[in-house]
Amino acid sequence: CRAAPSFFRTEASSIVACALPLACQGWDATLQRNVCAEGMGGYLCQTCLDGYWRPFDKSFATCSQCGWESPAQFLIVLFLQSMVVWIVSVMSIDAACWGNMHSVILRLALNYFSTVSVLSRLEAWELETALGSGRVTAVVQSLNALFRFDGGVTAHLMGLECWLGSLQGPSGGPWSTLQAMTLLWILMPLLWPLSLVLSSLSIFEVFTQWGRLVKMIRND
């Protein structure tokens, strides 16, 4: 009994359809085992192997190889995102005080990004029938790269799955990684705004002291 691509042969020699058709590549008669796509394994080839990850918002996507498993990636992306939020806040205050169009333009831009980000949610199995298995991967990757930003936190650039997975070690597993991510996202709405407020106060204080220093030098 041989399983064709998109199907999986169980230990009872039953043939069942895979939940992720692209992950199952059929039965290898020589090795006498199921063949999964790169980075996939386990029952029905739906588990990510060590060193691979699946985006948290794409439960039916195939797994990709982890890159930089370091907290530095998370901190860099968070810092850049914080700078963008701070600049947008300054522009919004400027618009409220002087009647500029910054806030309207920003609102339109964020609404646009939120709308077109739906295209990045498309997965390979949804388009395989229309595009064929040869082109669907390239199309999905292009849509994901072009329209992934939805106007919110750029979590897809932080590599949280790989970083937290590497912290858990071999004894952790996907469930422990998911628990750690959930805890992080619970704390982020509390800690991130607080850090932005403290940073803004620090910048304001430095700017004020600098202005006083310049004024004293000019007076002398």
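Everything numeric here is computed off the predicted structure, so don't read it as measured data.
Hydrophobic clustering (ILVMFWY, side-chain heavy atoms < 4.5 Å, transitive): Ile203 and Val206 are in distinct clusters. Taken together through direct or relayed side-chain contacts under 4.5 Å among Ile, Leu, Val, Met, Phe, Trp and Tyr, Phe7 and Val16 form parts of separate hydrophobic clusters. The hydrophobic cluster containing Leu184 also contains Leu75, counting ILVMFWY residues as joined when their side-chain heavy atoms lie under 4.5 angstrom apart, directly or transitively. Hydrophobic clustering of Ile, Leu, Val, Met, Phe, Trp and Tyr side chains at less than 4.5 Å, counting indirect connections, unites Phe74 with Trp185.
Panel note: side chain Asn34, backbone Trp27; no donor-acceptor pair is recorded below 3.5 Å.
Taken together, the cysteine pair Cys45 and Cys18 keeps its SG atoms at least 2.5 Å away from each other. Cysteines Cys24 and Cys36 have SG atoms no closer than 2.5 angstrom.
The shortest non-hydrogen separation linking Leu22 to Ala37 is O-CB, 3.7 Å. Closest heavy-atom contact between Phe147 and Val116: CB-O, 3.4 Å. Contact detail for Leu20 and Arg54: the closest heavy-atom pair is CD1-NH2, 3.6 Å. Between Ser120 and Leu143, the closest heavy-atom pair is CB-O, 3.8 Å. Contact between Ser195 and Ser199 at its shortest, heavy atoms only, is O-OG, 2.7 Å.
Using a 4.5 Å heavy-atom cutoff, the side chains of Arg218 and Leu213 are not in contact. Side-chain contact between Leu201 and Glu205 is absent, with no heavy atoms from C-beta onward closer than 4.5 Å. Residues Trp53 and Cys63 form no side-chain contact, since every pair of their non-hydrogen atoms from C-beta on lies 4.5 Å or further apart. Within the 4.5 Å cutoff, the side chain of Val140 has no heavy atoms near those of the Leu122 side chain.
In this structure, OH on Tyr112 lies 10.5 Å from OG on Ser117, to the nearest 0.5 angstrom. For the atom pair CD1 of Ile15 and OG1 of Thr10, the computed distance is 7.0 Å after rounding to the nearest 0.5 Å. Atom CG in Leu191 sits 11.0 Å away from atom CG in Leu196 (nearest 0.5 Å). Atom CZ of residue Phe113 and atom OG1 of residue Thr115 lie 11.0 Å apart, to the nearest 0.5 angstrom. In this structure, Tyr52 OH and Met40 CE are separated by 11.0 Å, a value rounded to the nearest 0.5 Å. Residue Gln209 holds its CD atom at 10.0 Å from CZ of Phe204, rounded to the nearest 0.5 Å.
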Self-check item: Full working for side-chain contact (heavy atoms from CB on, under 4.5 Å) between Leu183 and Met188
Solution: CA-CA 9 Å; Leu183 178 61; Met188 280 288 286; over 6 Å; no
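Residues that satisfy the ring-ring contact (aromatic ring centres under 6.0 Å, His included) test with Tyr43, not counting sequence neighbours, are Phe8.
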